[in-house]
Amino acid sequence: MDGLNQPPGDLNTRTEYLVEEIEIDPSSTVLDLTSFQLHDLDSVELSPGLTELDLTANRLSSLDPRILHLSNLKKLSIRQNLITDAAIEPLSGCEALSGLEELVLRDNKLTKIPDVSIFKSILVFDVSFNEINSLNGVSKVSNTLKELYVSKNEVTKMEEIEHLCQLQILELGSNRLRVMENLQNLTTLQELWLGRNRIKTINLCGLKCITKLSLQSNRLLSMKGLEECIALQELYLSHNGISKMEGLSTLVNLSVLDVSSNKLTSVDDIQNLAKLEDLWLNDNQIESLEGIAEAVSGSREKLTTIYFENNPCTKSPNYVITLRQIFPNVQQIDSSVFA
């Protein structure tokens, strides 16, 4: 489209062209302006009946005042823009938007958690990929929240989350966390993502309901702390310093186990995992495949994917053949896929 190649200085013409291209229906309740590189919404008609407004991947540095009057709005995404703390402040006292259920401010220029206490029914709140160094302000978020995303920031402490008793997903990956804490009240939590932090010890604070847990790229030396997390279905512990597989025998619902890039010398404690389908053991220090059949006896029929590359045992020319004999239904070994 020629309009996309117009010089930046001709912004109004370019904006009008793009808006015309998508043929905005004034009666529509959903407006998606993703990737239009808009600096403002001056040339866009905002229907008062909008329930969803997606402004992802533009160049907005402020909120259009008309947004504050969209009383039917349920979902608002301003992802990947240039929004600052000051720019988002008008939302804090906006009674018209109090029914908002999803607010996405991912990938902007925020340095703190914005005040969203006005949203009494909020379900999803995303402030990932900003410059936030503290969870101060999360205590004001409604306890209706089900999904909280604060990944890729500079948060140092898990705090002000105790009241989120309906939370199902908590994403705090790529921060500066050292301790797992204050999780005990999150009894409905299903997914906990803490990869790329500085955590040394697993502490789920008594939670037993989590189905997906990621602690990849931390500073773990042990797997201890998982024994009572019997609902776990997916466990990601790659890129740590773990030397022994332990505390796994009770996790009978596991279907995915990733312990790649650690310091393991043998495969242990997974004989009971009859539902295991994916097993990632690559980049460890496992010398031999001897005993592997017994070690995974519970999942021999179920396992379909196994990664073993970059272990000393893979130097054997027959190692793939051996694994295929052990796992009759395997579909992939390392990068080799079988029909």
Side-chain angles (χ1 to χ4, degrees), residues 173 190-196 199 202 210-339:
Q190 297 176 14
E191 301 182 19
L192 178 58
W193 303 90
L194 296 171
R196 293 187 178 276
I199 297 169
I202 298 174
I210 294 176
T211 59
K212 297 180 182 180
L213 173 63
S214 172
L215 282 161
Q216 297 172 300
S217 300
N218 274 279
R219 299 177 181 178
L220 298 178
L221 300 178
S222 169
M223 293 182 180
K224 291 181 179 179
L226 296 168
E227 295 83 358
E228 296 184 356
C229 201
I230 57 177
L232 264 180
Q233 297 174 9
E234 299 180 17
L235 177 59
Y236 304 96
L237 298 173
S238 66
H239 294 90
N240 279 286
I242 299 168
S243 57
K244 182 180 180 180
M245 295 176 68
E246 56 187 337
L248 300 173
S249 61
T250 57
L251 310 184
V252 294
N253 289 301
L254 268 188
S255 61
V256 178
L257 175 59
D258 183 357
V259 287
S260 59
S261 298
N262 277 284
K263 298 181 179 180
L264 302 174
T265 57
S266 61
V267 181
D268 304 292
D269 210 30
I270 59 173
Q271 295 94 328
N272 298 337
L273 308 189
K275 296 182 180 181
L276 198 61
E277 298 180 8
D278 286 43
L279 178 58
W280 297 61
L281 290 162
N282 54 285
D283 295 278
N284 277 287
Q285 300 169 15
I286 300 171
E287 294 283 347
S288 171
L289 291 179
E290 185 175 349
I292 186 71
E294 180 181 353
V296 295
S297 56
S299 58
R300 286 184 62 186
E301 301 290 330
K302 191 76 171 178
L303 207 71
T304 57
T305 301
I306 185 167
Y307 277 79
F308 243 105
E309 59 190 352
N310 297 325
N311 278 284
C313 63
T314 62
K315 295 179 181 179
S316 167
N318 297 321
Y319 111 89
V320 171
I321 295 175
T322 301
L323 288 178
R324 293 193 70 180
Q325 291 173 341
I326 295 173
F327 304 107
N329 297 311
V330 70
Q331 298 174 9
Q332 180 172 353
I333 299 176
D334 300 334
S335 58
S336 300
V337 179
F338 312 105

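Any value given below was found using the heavy atoms of this structure, including those in side chains, with hydrogens, waters and symmetry copies removed.
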Ser243 (side chain) donor-acceptor with Lys263 (main chain) under 3.5 angstrom: no
Is there a side-chain contact between Ile333 and Phe338 (heavy atoms, below 4.5 Å)? yes
The side chain to side chain donor-acceptor pair (under 3.5 Å) partners of Asn272 (sequence neighbours excluded) come to none
Residues in ring-ring contact (aromatic ring centres under 6.0 Å, His included) contact with Tyr307, at least two apart in sequence or another chain: Trp280
Any heavy-atom pair between the side chains of Leu215 and Leu220 that's under 4.5 Å? yes
side-chain contact (heavy atoms from CB on, under 4.5 Å) partners for Gln216, two or more places apart: Ser214, Tyr236, Ser238, Asp258
Glu228, CD: over 12 other non-hydrogen atoms inside 6.0 angstrom: no
What distance do Asn218 atom CG and Ile202 atom CD1 have between them, rounded to the nearest 0.5 Å? 9.0 Å
Hey, is CD on Glu290 packed in by over 12 heavy atoms from elsewhere, all under 6.0 Å? no
Supply the atom-to-atom distance Asn329 CG to Arg324 CZ, rounded to the nearest 0.5 angstrom. 11.0 Å
Below 3.5 Å, can you tabulate the donor-acceptor pairs from side chains in residues 245-257 to any protein atom, sequence neighbours excluded?
residue : atom : partner : partner atom : Å
Glu246  : OE2  : Ser222  : OG           : 3.3
Thr250  : OG1  : Glu227  : O            : 2.5
Asn253  : OD1  : Lys275  : NZ           : 2.9
Asn253  : ND2  : Ile230  : O            : 2.9
Ser255  : OG   : Gln233  : O            : 3.1

Roughly how far, to the nearest 0.5 Å, is CD of Glu191 from CG of Leu213? 10.5 Å
With heavy-atom distances below 4.5 Å as the criterion, would you say the side chains of Val259 and Met223 are in contact? yes
How many angstroms lie between atom CD of Gln271 and atom CG of Leu273, to the nearest 0.5 angstrom? 8.0 Å
Under the side chain to side chain donor-acceptor pair (under 3.5 Å) test, residues paired with Asn310 that sit two or more places apart: Asp283
Value for NZ (Lys244) from CG (Leu264), rounded to nearest 0.5 Å, stands at 11.5 Å
Quick one: side chain to side chain donor-acceptor pair (under 3.5 Å) partners of Ser266, sequence neighbours excluded? Asp268
Do Phe327 and Leu279 have side chains that approach each other closer than 4.5 Å (heavy atoms only, starting at C-beta)? no
Measuring only between side-chain heavy atoms, which start at C-beta, is Ile292 closer than 4.5 Å to Thr322? no
Shortest non-hydrogen contact between Cys313 and Leu289, atoms and distance: SG-CD2, 4.0 Å
Report yes if the side chains of Arg300 and Ile326 come closer than 4.5 Å at any heavy-atom pair, otherwise no. yes
Enter the distance from Leu303:CG to Asp278:CG here, rounded to the nearest 0.5 Å. 7.0 Å
